[in-house]
Every structure is written in structure tokens, then in C-alpha cells.
Amino acid sequence: MRRLSPAPIDVASVRARVDSPAHGAILVFEGVARASSGDPARSSPVTGLAYEAWDEVAERELAAVERETEARWPGVRVAIVHRTGDVPIGDAAVVIAVGAPHRDAAYLASRHAIDTLKERVPIWKKETSLDGTSWIGNRP
Amino acid sequence: VRITVRWFAQLREQRGCSEEPLDVPAGSTVETVLATLALPAGLRVAVAVNAQLVERGAALREGDELAVLPPIGGG
């Protein structure tokens, strides 16, 4: 199963990976390409985003984030897909689906998964605006 | 000792390639090789050898792949 997608992410298929009769909560988080820059020095709207991944390592690390999150909250299932290449404003750059017996664990696990992804999965983001292009790193 | 250097994101654009071979002296470490790569001033990078993150003191051996990782921006 691929966790990097050069095509628009099929949210329903990510959700389907965590579906289970044991789950009382399914939480789907979408991180969406945004028109305001992540670079405080830039004022003009972002017109496009592009993501570049170190494919084999990003796949491995996305799978590890799923596994580690599941290990931390028993009964939880996690599925992550991250978009690569050009991402139009408004499209999902990342989708994280969490299934859990109860909602508390679903919220905690979802937050943990996105925070961990931002810390360590080797994916880079380039913003394009009228000011030009810039690579935007996540703040620690 | 011949290694391969892999570049990503802005470094890939600046170098004009995603990887290149590099001959380094025997006994080289990540730190000694990084110092020769003329990275942009102020850019904080992480480094991986053979797809595992390593510290700067890690030794480099024949055939190793050294990946230079600018700040990541996924999510």
C-alpha cells in the first residue's frame, strides 16, 4: 500500500483503512493547501504548493508513524496518505484517518500522528507566489 | 573512498541534480565531508547515511549514500 500519492487523495479510501465494528469514533484530518504563506516575510498570496518526498524513506516513516501511534493507544487504527507534486490551493496535502473505540483516543492519536509526521517524515514544501518561490520548513 | 551524495528540495535545485558521486579521503566523517560541500550559510541540515539519520561524527565508508536534508515541510 502506498502512502505517498501524486494524484488527489481519495479521502474515502483512507477512511476505509481504519473502518472496524470495534470503533465508536472515526476521525479524518485533512491538512489543506493554504493561500497564506508559511513564510512571514511574504505578503502576496500563495498560488501553488509543491511537495517533494524522499520516496522510500517517507513511505517507511509514514508507516512507522501509523504503527507507533497505534501502539501508544491500544485499539486505535491509523492510516496516513501524503500528496506529492503540485497541490492546488484547497486540495488536501495530507489525510490522516483514525479509528478508535472512543473519541478521546481518536483526537489524541490524530494530533500525535500529524505532529510526528511534521517532525520526521522527509517531505519538503515549496510555495509559489508573485514574490517567487520558497521552500518552507516546519518550525520545531 | 567513493560515496554518493543525495540532495533534496532547495539543495537539489541549487546543485542541479538529485545525486552525485563524491571521492572523499579515507577516515572521513559526515562532519568533515559536510564542511567541503559549501552549503548555504545558515541552512540547518540533517544528515542520513544509507537512509538512517546519523550524528555528525559518523564514519563514511566506500559505497555509502550521504543524504543532506534541509528543513522538512510535510503536512
Side-chain angles (χ1 to χ4, degrees), chain A residues 3-5 9 29-34 37-39 46 49-62 64-65 80-85 87 92-96 110-128 132-140, chain B residues 1-22 24 28-31 33-75:
Chain A
R3 293 176 176 83
L4 294 172
S5 171
I9 299 170
F29 169 79
E30 294 185 47
V32 176
R34 179 186 58 210
S37 179
D39 178 350
V46 174
L49 286 184
Y51 287 90
E52 171 179 329
W54 183 1
D55 281 29
E56 61 273 28
V57 177
E59 288 278 356
R60 180 188 83 198
E61 291 299 314
L62 288 170
V65 171
I80 307 174
V81 175
H82 202 295
R83 182 96 172 258
T84 56
V87 182
V94 62
V95 174
I96 299 177
S110 176
R111 180 64 193 252
H112 175 81
I114 185 63
D115 288 350
T116 308
L117 179 159
K118 282 175 170 282
E119 265 170 31
R120 70 173 225 220
V121 179
I123 297 173
W124 292 271
K125 175 168 77 172
K126 182 163 76 168
E127 289 182 355
T128 300
T133 63
S134 67
W135 291 90
I136 306 290
N138 293 330
R139 285 159 297 278
Chain B
V1 174
R2 172 157 287 203
I3 65 170
T4 301
V5 182
R6 278 190 80 158
W7 304 111
F8 296 93
Q10 60 267 58
L11 295 175
R12 177 184 53 72
E13 290 182 339
Q14 287 159 15
R15 302 283 165 158
C17 62
S18 55
E19 61 175 72
E20 57 188 314
L22 183 69
V24 302
S28 290
T29 64
V30 167
E31 183 156 43
V33 172
L34 276 186
T36 69
L37 292 175
L39 297 173
L43 182 70
R44 291 165 53 108
V45 297
V47 282
V49 173
N50 302 330
Q52 301 290 341
L53 289 176
V54 295
E55 301 296 328
R56 301 300 163 105
L60 289 166
R61 297 178 183 81
E62 178 73 25
D64 278 351
E65 179 189 82
L66 173 68
V68 186
L69 314 173
I72 59 175

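Naming convention: chains lettered A, B, ... in sequence-line order (proteins, then strands); numbering from 1 in each chain. Keep in mind that this is a model prediction, so the values were computed, not measured.
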**Q** Is it the side chain or the backbone of A/Glu119 that comes within 4.5 Å of chain B heavy atoms, both, or neither?
**A**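 Only the backbone of A/Glu119 comes within 4.5 Å of chain B.
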**Q** Let's test your reading of the structure: which of A/Val57, A/Ile80, A/Ile123, A/Leu117 forms the most heavy-atom pairs below 4.5 Å with chain B?
**A** A/Ile123
**Q** Report the relative orientation of the aromatic rings in A/Trp124 and B/Phe8; use parallel for angles under 30°, tilted for 30 to 60°, perpendicular for over 60°.
**A** parallel
**Q** If I measure from the heavy atoms of chain B, does A/Ile136 come under 4.5 Å with its side chain, its backbone, both, or neither?
**A**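 Backbone of A/Ile136 only, per the 4.5 Å heavy-atom cut-off to chain B.
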**Q** Take a 6.0 Å sphere around CD of B/Glu55 and say whether it holds more than 12 heavy atoms from other residues, nucleotides or ligands.
**A** no
**Q** Check B/Gly75 against A/Tyr51 and note the closest heavy-atom contact, atom names and distance.
**A**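 Heavy atoms of B/Gly75 and A/Tyr51 come nearest at O-OH, 3.1 Å.
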**Q** Select one option (side chain, backbone, both, neither) describing which atoms of A/Lys118 are under 4.5 Å from chain B's heavy atoms.
**A**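 It is both, since atoms from each part get that close.
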**Q** Less than 4.5 Å to any heavy atom of chain A: does that hold for the side chain of B/Ala46, its backbone, both, or neither?
**A** neither
**Q** Less than 4.5 Å to any heavy atom of chain B: does that hold for the side chain of A/Arg60, its backbone, both, or neither?
**A**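 Contact with chain B is through the side chain of A/Arg60 alone.
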**Q** Rounded to the nearest 0.5 Å, what separation is found between the CG atom of B/Leu53 and the CD atom of A/Glu61?
**A**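 So the gap between those two atoms works out to 7.5 Å.
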**Q** Got a second to check how far A/Trp54's CH2 is from B/Arg12's CZ, nearest 0.5 Å?
**A**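 Output value for this atom pair is 14.0 Å.
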